[in-house]
Amino acid sequence: MPDSPPSPLTLRRRKRRGLPLLFALAAGGAAALCALLPVASAQVDPPAATGPTITPNYKDADLNQIIQAVSEVTGKNFIVDPRVNAKVTMLSATPMTPAAFYQAFLSVLQVYGYVAVPAGKVIKIIPNIDARQFPSDDLPNRLSATSDELVTQVIPVRNINAAQLVPLLRPLIPTYGHLAAYPGGNMLIISDRASNVERIMRIVARMDASSDQPYEIIPLQNASAEDVVRTINQLNQGAAAEGAAGAKVVADDRTNSVLLTGDSSVRLRMKALILSLDTPLKSGGDTRVRYLKYADADKLAEQLKGQATAFEKAQSPVHGAGPAAAASGGGAYGEDVTIWADKPTNALVITAPPRTMKSLMSVIDKLDIRRAQVEVQAIIVEVDINKSSDLGVQWILDGLNSGTLAGISNLPTSGGTSIVDLAAAALTKNYSAVSSSTLGTGATFAIGRYNQASGTNFAALLQALRSDGASNIISTPSVITMNNQEAEVKVTQDVPIITGSYANTTQSVAGTTSPFQTVQREQVGTILKVTPHINEGSIVQLKIEQEDSSPGPVLSGTTDISLNKRSIKTTVLIENGGIVVLGGLISDSVNESEARVPFLGRIPLLGELFRSRSGSRDKKELLVFIRPKILRDQESIEATSRTQYQHVREQQMRLHNGKVTLLPGQTQPVIPPIPPAPAPAPAESEPAPGAASAASPP
C-alpha cells in the first residue's frame, strides 16, 4: 500500500533502505516536493554532522501556517500578535538547513512588515512599528551581514562628532528603527535589523578614520584673523566650521594668523581667498564710531591715544617707525591714528589701521563695562559719662564792729558761691543782688551775724553739690558709590569763629572808632569720605576718611567757642556684608582737689570746717564701625533703595498717627508710595568685539 502524503503543517523524517527523505509541502493544496539526498553507499550511515534539509515552496500561504511550520522545524516557541496576518509567497529551488530556514523566515517577516523579538524561551511576532518598545538582542559580540534579526548596538566614535553623523545616517534607517547620539561619550546608539546595523557600522568606521591632513599657518599683515575667519564661515554658511566643506579655519589672535586644515584642493582655494582678503584698505585706514554704555568717552579718548601709540610701536618690525610710517617712509608712531570724543552722544570716533583698530576695540570692550557699586554704612557711637562732687565751708569775720568787712577767711569751692558777695549784699541791704546765679547750685547753708554794735560779726557758708551726666550719641551716615570712585557725605553746619579784631579810627568824626573783626567758618558735624576697591571674590578694600566734630565750651582765657573733633584716616579689607571697627577712643579721667586753712584745716574733725574739696570723673567711649555691601546689579540697588525709602515713609506715617496736633482735618506730609519696579528691557545682542558700531546711540 503506498504511503499517504504528509499533512501540510507536519514534517516527518523517514528512512527507507538507508536513504533519508525530507518533504516540504506547499500550503493550499500544492503538491508535495521531496528532496532525495544521495549517499555514497546505501549501507553506510550519513555522518553525524549531516542533518535534514528543507526546500520550502509556498504560494499565497497564510503567514500563521508558516509560523507553525517554522516552530516544528526549529523547535522554537512563538507568540503571535493578533495583528499579524498576511498571504505569503515563498519559492525555493535549493534545500536549506533549519537555521537557514529560520533566517529566511525572518526575511519574510521583514518583507511583510513584522519582526521576531526574542523574549526568554519564546519569540514574539509583532509589527515593525512596535519593535523599538521591546528588548531585542542587545550589544551582540558579532553581527551577521545576512541576518534580519532585530539587534541594538552602541557604536563608539573617536575622531569626529557623533552628533554630526546622525543627520547623515538617518535616511539609511527605516522608520521603525532607532538612531541617536550620546554627546557625553561621543557614541551612536542604533536599533535595527542585524544586516543594516552591520552596514551602518562599516560606514561609520570608514568615516571615523583618523585624518593625516597637514595644517597650514597663514600669517596676516593687514586684516584681522578673527574677521577673516568670520567672513569665510559666513560665506560657507557654517560648512567650514562644521567640517562638511572638507576644510577648517581657526583664528589665532596672538599671532594674527589663520590656521587651515583639510584636503589639499580645498586648502588651496581657502588660502587664495584668505590672501585676497588680507589687503590694505585704499584709504589706508578705517573710521568707526563706537557708542559707549558706561565709560566716559572724553576721559577714555585720551587714554586710547597712548594705547594706539604703544601698540604701533610694539608691532613695528624696526624701532623708529610705526606700521603706517614704515609704509610711507617716515613719520612717528600714532600719526595715522585719530581719536576724539563726542560728548553729547558719549561716543568715540576712531580712525586707525585695521590691526590698530582691532586692538583699540578690544581695549574698549574690556573698559566699557558696568561697574559694581558699593553701599558703605558707617556707625559712629559716642558714650560720655561724667560725675562731679563739691563740698566746702567759707568764713568771714569782722572784729572791729565797724560794719566793714575785715579778717576775711575765704575758701571758695570749685564753681561755688563766694561768701564775700553774699556779705557785701547783706551789709548794703542790696537783696536784689542775691539771685540763683549768686547762690549757685547745690545745697547752701549759711549762719552768722552782721552789723551789730557789740560782739564780733561773722558769717559761715556751707556748700554741697553732686552732679551726674551721661550722653549717648549714634550717627549712621551711609553712601553709595561706584567701584574705585571716591564718595563723600557731609552732615555739618558752619560755625563762625572769630580769628582777629582791630579798631579803625574814622577820620571824618573825631574820636569815633569802628571795631572790625575777622571771622572764619568751620564745618562741624559728620563727614565721611570713602573709596571702595572690589578685589577678587567678595573682598572690599576701603580707603576711609571719617570725621565727627561738635562745638565745645568756651575755654578759659578765650572769648570764642572750642571745637571737638574726632577723625580717622585708614585703609581696611572687609568681606562683603561684614562689619569691622575702624578705631575709637576710650578715655577715663579722675580729678580731685582740696583747699584748706593752714593749721586749722589739719585739725581732726574740726578741720572739716576749714576745708573745701572737689572731685570729678569723666569717661568717654568713641567707636567707629564700617559695613560695606556690594551692589553688582540693578536689582540689588533697587532693593537697597526701596528698603530705605519704605523705612522713612513708615516713620512719617507713625508720627502722631499721620495727623497734625491741634489742627483738625490736617495730616502730616508723607512721601508717596514707592512706584513698582519697571519691567526689564529686552536683552540686546552685543556687537562682535572690534566690529563697527552701527547701532543707534544709547
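No experiment lies behind these values; they were computed from the predicted model shown.
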>> Go through it in stages, so that I can follow the logic: the residues are F311 and T309, the test is side chain to side chain contact (heavy atoms under 4.5 Å, CB included), and I'd like the CA-CA distance, side-chain angles, deciding distance and then a yes or no.
In response: CA-CA 5 Å; F311 177 78; T309 302; over 6 Å; no
>> If you apply the rule side chain to side chain donor-acceptor pair (under 3.5 Å), what do you find for S538 with E575, and how did you get there?
In response: CA-CA 6 Å; S538 58; E575 189 78 19; 2.6 Å; yes
> K358 and M361: side chain to side chain contact (heavy atoms under 4.5 Å, CB included), yes or no, with the steps?
Replying inline: CA-CA 5 Å; K358 181 178 182 297; M361 289 298 170; 5.8 Å; no
>> Before you tell me yes or no, could you show the steps for R290 and D342 under salt bridge (Lys or Arg N to Asp or Glu O under 4.0 Å), namely the whole-Å CA-CA distance, both residues' side-chain angles and the distance that decides it to 0.1 Å?
In response: CA-CA 10 Å; R290 179 66 181 266; D342 182 56; over 6 Å; no
>> Is there a side chain to side chain contact (heavy atoms under 4.5 Å, CB included) between D252 and L259? Walk through the geometry before answering.
In response: CA-CA 7 Å; D252 181 26; L259 280 68; 3.9 Å; yes
>> Please evaluate residues I364 and L304 with respect to the criterion side chain to side chain contact (heavy atoms under 4.5 Å, CB included), reporting the C-alpha separation (whole Å), side-chain torsions for both, the decisive distance (0.1 Å), and the verdict.
In response: CA-CA 9 Å; I364 295 174; L304 291 178; 3.8 Å; yes
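Contact of the L631 side chain with the T640 side chain is registered, since non-hydrogen atoms from C-beta on lie closer than 4.5 Å. Two residues are said to be in side-chain contact when any heavy atoms from C-beta on lie closer than 4.5 Å; Q646 and R642 fail this criterion. Proximity of R370 to Y294: side-chain heavy atoms (C-beta onward) are separated by under 4.5 Å at one or more points. Residues T570 and V572 meet the side-chain proximity criterion, which asks for heavy atoms closer than 4.5 Å. Looking only at side-chain heavy atoms (C-beta outward), I380 and L622 come within less than 4.5 Å of each other. Side chains of V540 and I630 form a contact here, defined as non-hydrogen atoms less than 4.5 Å apart. By the 4.5 Å heavy-atom criterion applied to side chains, E547 and K569 are not counted as neighbours. In this structure, the side chains of L563 and S549 stay at 4.5 Å or more apart for every pair of heavy atoms.
In this structure, a donor-acceptor pair under 3.5 Å is present between the side chains of S636 and D633. Counting only N and O atoms by type, the side chains of R521 and Q493 include no donor and acceptor under 3.5 Å apart. E522 and Q520 are linked by a side-chain donor-acceptor pair at a separation below 3.5 angstrom, with hydrogens and angles left out of the test. Side chain to side chain, Q523 and K490 meet the donor-acceptor criterion of an N or O pair below 3.5 Å. E375 and Q373 form no side-chain donor-acceptor contact under 3.5 Å, judged by distance and modelled atom types alone. Remark: the T351 side chain and the T338 side chain contain no N/O donor-acceptor pair separated by less than 3.5 Å.
Other residues, nucleotides and ligands contribute at most 12 non-hydrogen atoms within 6.0 Å of the NZ atom of K619. The local environment of CD in E592 is sparse, with at most 12 non-hydrogen atoms from other residues, nucleotides or ligands closer than 6.0 Å.
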What donor-acceptor contacts under 3.5 angstrom involve side-chain atoms of residues 581-590, with partners at least two apart or in another chain?
| residue | atom | partner | partner atom | Å |
| --- | --- | --- | --- | --- |
| D588 | OD1 | R617 | NE | 3.1 |
| D588 | OD2 | R617 | NH2 | 2.8 |
| S589 | OG | D618 | O | 3.3 |

Donor-acceptor list for residues 473-486 side chains, cut-off 3.5 Å, not counting sequence neighbours:
| residue | atom | partner | partner atom | Å |
| --- | --- | --- | --- | --- |
| T481 | OG1 | Q485 | O | 2.8 |
| N483 | OD1 | I534 | N | 2.9 |
| N484 | OD1 | H533 | ND1 | 2.4 |

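The two residues P672 and Y645 come nearest to each other via the heavy atoms O-OH, 2.7 Å. Across all non-hydrogen atoms, the minimal contact from A308 to V337 is CB-CG1, 3.7 Å. In terms of heavy-atom proximity, A295 sits nearest to D368 at N-OD1, 3.0 Å. Closest of all the heavy-atom pairs between V670 and Q652 is CA-OE1, 3.3 Å. Across every non-hydrogen atom of D390 and S614, the tightest pair is OD1-CB, 2.8 Å. In this structure, P551 and N564 approach most closely via the heavy-atom pair O-ND2, 4.0 Å.
Distance CG/L360 to CD/Q303: 12.5 Å, rounded to 0.5 Å. Considering CD1 of I671 and CE of M653, their distance stands at 10.5 Å, rounded to 0.5 Å. Atom OG of S257 is separated from atom CG of L220 by 6.5 Å, given to the nearest 0.5 angstrom. How far CD of E621 is from CG of D384: 10.0 Å, rounded to the nearest 0.5 Å. The line from CZ of R627 to CD of Q377 is 5.0 Å long, rounded to the nearest 0.5 Å. Atom CG of L348 sits about 7.5 Å away from atom CG of N346, to the nearest 0.5 Å.
Not one N or O on the side chain of R288 forms a donor-acceptor pair closer than 3.5 Å with the backbone of I350. Between the T231 side chain and the D227 main chain, a donor and an acceptor come within less than 3.5 Å of each other.
Between R566 and E382, at least one side-chain N (NZ, or NE/NH1/NH2) sits under 4.0 Å from a carboxylate O, which counts as a salt bridge. Looking at K387 and D468, no side-chain N of the basic residue comes within less than 4.0 Å of a carboxylate O on the acidic one, giving no salt bridge. Under 4.0 Å is where a charged nitrogen must lie from a carboxylate oxygen, and between D296 and K343 no such pair does.
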